[in-house]
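Following: one structure in structure tokens, then a few remarks.
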Amino acid sequence: MSRRVVVTGMGAITPTGLNVKDFFQQVKEGRHGFGPITKFDSTGYKCHVAAEVKGFEAREYMDFKAAKRMELFSQYGVAAAREAFLDAGIDMEKEDPYRVGCAVGSGIGSLQAMEREYDRLISRGASKISPLMVPLMISNMAAGNVSIQFGLKGKSINVVTACATGTHSIGEAFRSISYGEADVMAAGGAEGAITPLGVAGFCALTALTSVDDPDKCSLPFDKNRSGFVMGEGAGVVILEELEHARKRGAHIYAEVLGYGCTSDAYHITSPAEDGMGAARAMLAAIADGGISPEDITYINAHGTATHHNDLFETRAIKAAFGEHARKIHINSTKSMIGHLLGAAGAVEFITCVKEMENSFIHKTVGYETPDEEMDLDYCKEAYEEEIPYALSNSLGFGGHNASILIGKYGG
């Protein structure tokens, strides 16, 4: 019999706040974190806006020497994990470190290291490449550094499924605990890819918005949507086996009930047009949680504000829920923080837990004009109501679909 898994700690570094409290306050107020790109000169680019993290100083979260041996995505991951561990009240001196694991993924790793060292290679030669280039660059180093910083000697994995990374990471951590591989897992995602190469690459895909107005650049589910805004940051949660949490008197935020994942097996960037891959992932998570589709009243959508994603995700919700889809509140946290790529699902998971705790469903900021086929409730306004279950979706390039079911903890 599988073991029950609960959420006992949360940490976030986002474009609208450097901790969960500040981030969620901005969510409640419907404030976005968009503005002109400041990390490099975007003259000549089709996109000039991003959702950058503001005011982050790594030394405030970790030893300065340790921070120097981490790239930005790893720093974000360690900072978010620090808040999550403090929030959970985990004392590693009282834990068996081999029963505490880590599943903190990154979709890209460090483009900064690639760009910097490539410039050095061209200008100064191969012998001048930093010996730390590889361990700074590779995407598993968010998980590696979190494990090192907090002494986590259990299962340590790095899921890389593009924009589904954060949700897959939490889902795999949930499975690891429910199957008995660990008692505690730090899980989530970290990303810091607002760089010349990162923005240019997504521009070339025509995935990023070309709108310069921060109030109009991210419009999930709106007829006038024009692409996503690149974001950055990290979200890490502490998942814990229920009895382990009870024994130490932990505060329990919510329970993770189910996890579903599929592959579209269709296209390297576009979701399947009928939405059936995402639909099956949602239904799998619901079945895993032992509830019925009609029990779902709220979905935190992938909702990127690209033409294909929003349309095909709408089709997926209709395919999964039929007529009941019209009774579901659907919102997009990306309407405020942009697309955090590998960290997106983790921060959106935290959003769901906080909304459940506050009986509050945030609005999809900027949403005004309905599109013809997209006729569901996309939360033009916020709602104040109980949320017994929340379903969070993430869909990644390559056809990766992940859906996770969260429920109110009832003892």
Side-chain angles (χ1 to χ4, degrees), residues 24 27-32 167 215-216 218-226 228 260 271 274-276 278-283 285-286 289 291-337 339 344-345 347-395 401 403-408:
F24 191 66
V27 167
K28 290 176 71 176
E29 295 176 8
R31 297 181 183 275
H32 65 69
T167 298
D215 295 328
K216 300 292 183 182
S218 180
L219 302 174
F221 299 108
D222 193 283
K223 186 172 184 177
N224 298 312
R225 65 195 183 278
S226 59
F228 71 79
D274 61 3
M276 283 310 300
R280 291 291 292 269
M282 286 185 272
L283 291 173
I286 290 166
I291 66 171
S292 71
E294 290 69 32
D295 292 322
I296 299 296
T297 57
Y298 167 57
I299 296 173
N300 189 297
H302 190 54
T304 60
T306 61
H307 177 271
H308 281 9
N309 175 89
D310 296 2
L311 176 60
F312 300 161
E313 189 173 7
T314 294
R315 291 177 182 172
I317 293 168
K318 290 180 177 180
F321 295 95
E323 281 302 309
H324 180 67
R326 302 188 184 281
K327 300 178 181 179
I328 299 173
H329 303 310
I330 303 160
N331 64 9
S332 171
T333 306
K334 293 180 181 71
S335 67
M336 289 174 275
I337 61 172
H339 194 345
V347 174
E348 289 156 13
F349 179 97
I350 290 169
T351 304
C352 288
V353 172
K354 292 299 292 182
E355 287 178 309
M356 190 172 284
E357 181 183 48
N358 286 268
S359 299
F360 175 85
I361 299 173
H362 74 71
K363 67 180 181 180
T364 299
V365 175
Y367 175 74
E368 293 179 352
T369 309
D371 207 342
E372 284 77 5
E373 188 179 336
M374 294 159 50
D375 53 358
L376 301 179
D377 174 11
Y378 303 110
C379 297
K380 192 172 184 178
E381 301 296 335
Y383 295 91
E384 292 188 4
E385 61 181 66
E386 291 287 311
I387 308 171
Y389 304 104
L391 198 63
S392 184
N393 291 339
S394 293
L395 318 176
N401 305 305
S403 190
I404 199 153
L405 176 67
I406 310 159
K408 276 204 165 184

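Using bins of under 30°, 30° to 60° and over 60° for the plane-to-plane angle, the ring pair Tyr378/Phe221 lands in the parallel bin. Ring geometry for His329 against Tyr383 counts as parallel: the plane angle stays under 30°, on a 0 to 90° scale with 60° as the upper cut.
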When you look at Asp310 and Asp371, which way does the side-chain contact (heavy atoms from CB on, under 4.5 Å) test go after all the steps? CA-CA 10 Å; Asp310 296 2; Asp371 207 342; over 6 Å; no
Give the intermediate values and the outcome of side-chain contact (heavy atoms from CB on, under 4.5 Å) for residues Lys334 and Glu348. CA-CA 8 Å; Lys334 293 180 181 71; Glu348 289 156 13; 2.8 Å; yes
Could you walk me through whether Val27 and Lys354 pass the side-chain contact (heavy atoms from CB on, under 4.5 Å) test, one step at a time? CA-CA 10 Å; Val27 167; Lys354 292 299 292 182; over 6 Å; no
So Tyr389 and Met356, side-chain contact (heavy atoms from CB on, under 4.5 Å) or not? Walk me through it. CA-CA 8 Å; Tyr389 304 104; Met356 190 172 284; 5.5 Å; no
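At least one donor-acceptor pair under 3.5 Å links the side chain of Thr364 to the backbone N or O of Ser332. With hydrogens and angles ignored, the 3.5 Å screen pairs no side-chain donor or acceptor of Glu373 with any backbone N or O of Leu311. Without hydrogens or angle criteria, Lys318 side chain to Ala325 main chain gives no donor-acceptor distance under 3.5 Å. Between the side chain of Asn393 and the backbone N or O of Ser403 there is no donor-acceptor pair closer than 3.5 Å. In this structure, Arg225 contributes its side chain and Pro220 its backbone to no donor-acceptor pair below 3.5 Å.
Distance check, rounded to the nearest 0.5 Å: CD1 of Ile296 to CG of Leu391 gives 5.0 Å. For the atom pair Thr314 OG1 and Met374 CE, the distance stands at 4.5 Å (nearest 0.5 Å). Note that CG of Asn331 and CE of Met336 are 7.0 Å apart. Values are rounded to the nearest 0.5 Å. Thr351 contributes atom OG1, which lies 12.5 Å from atom CD1 of Ile361 (distance to the nearest 0.5 angstrom). Note: Leu219 CG to Ser335 OG = 9.0 Å, rounded to the nearest 0.5 Å. Distance check, rounded to the nearest 0.5 Å: CD1 of Ile317 to CD1 of Ile299 gives 4.0 Å.
With a 4.5 Å cut-off on side-chain heavy atoms, Asn358 and Lys28 count as touching. With a 4.5 Å cut-off on side-chain heavy atoms, Pro388 and Thr297 count as touching. Using a 4.5 Å cut-off on side-chain heavy atoms (C-beta onward), Val365 and Arg31 make no contact. In this structure the side chain of Leu395 never reaches within 4.5 angstrom of the side chain of Phe312, judged on heavy atoms. Residues Arg326 and Phe321 have side chains not in contact (no heavy-atom distance under 4.5 Å, counting atoms from C-beta outward).
In terms of heavy atoms, Ala301 sits closest to Ile330 at CB-CG2, 3.8 Å. The two residues Glu384 and Phe360 have their closest heavy-atom pair at CG-CD1, 4.2 Å. Listed here is the closest heavy atom pair of Ala279 and Ala319: CB-CB, 4.0 Å. What you find for Tyr367 and Lys380 is that their closest heavy atoms are O-CG, 3.6 Å. For Pro370 against Lys223, the heavy-atom pair with the smallest separation is O-CB, 3.6 Å. Here the closest non-hydrogen pair linking Asn224 and Asp222 is N-OD1, 2.8 Å.
Between Glu368 and Lys216 there is a salt bridge, with a side-chain nitrogen of the basic residue lying less than 4.0 Å from a carboxylate oxygen of the acidic one.
Within 6.0 Å of CZ in Arg280 there are 12 or fewer heavy atoms belonging to other residues, nucleotides or ligands.
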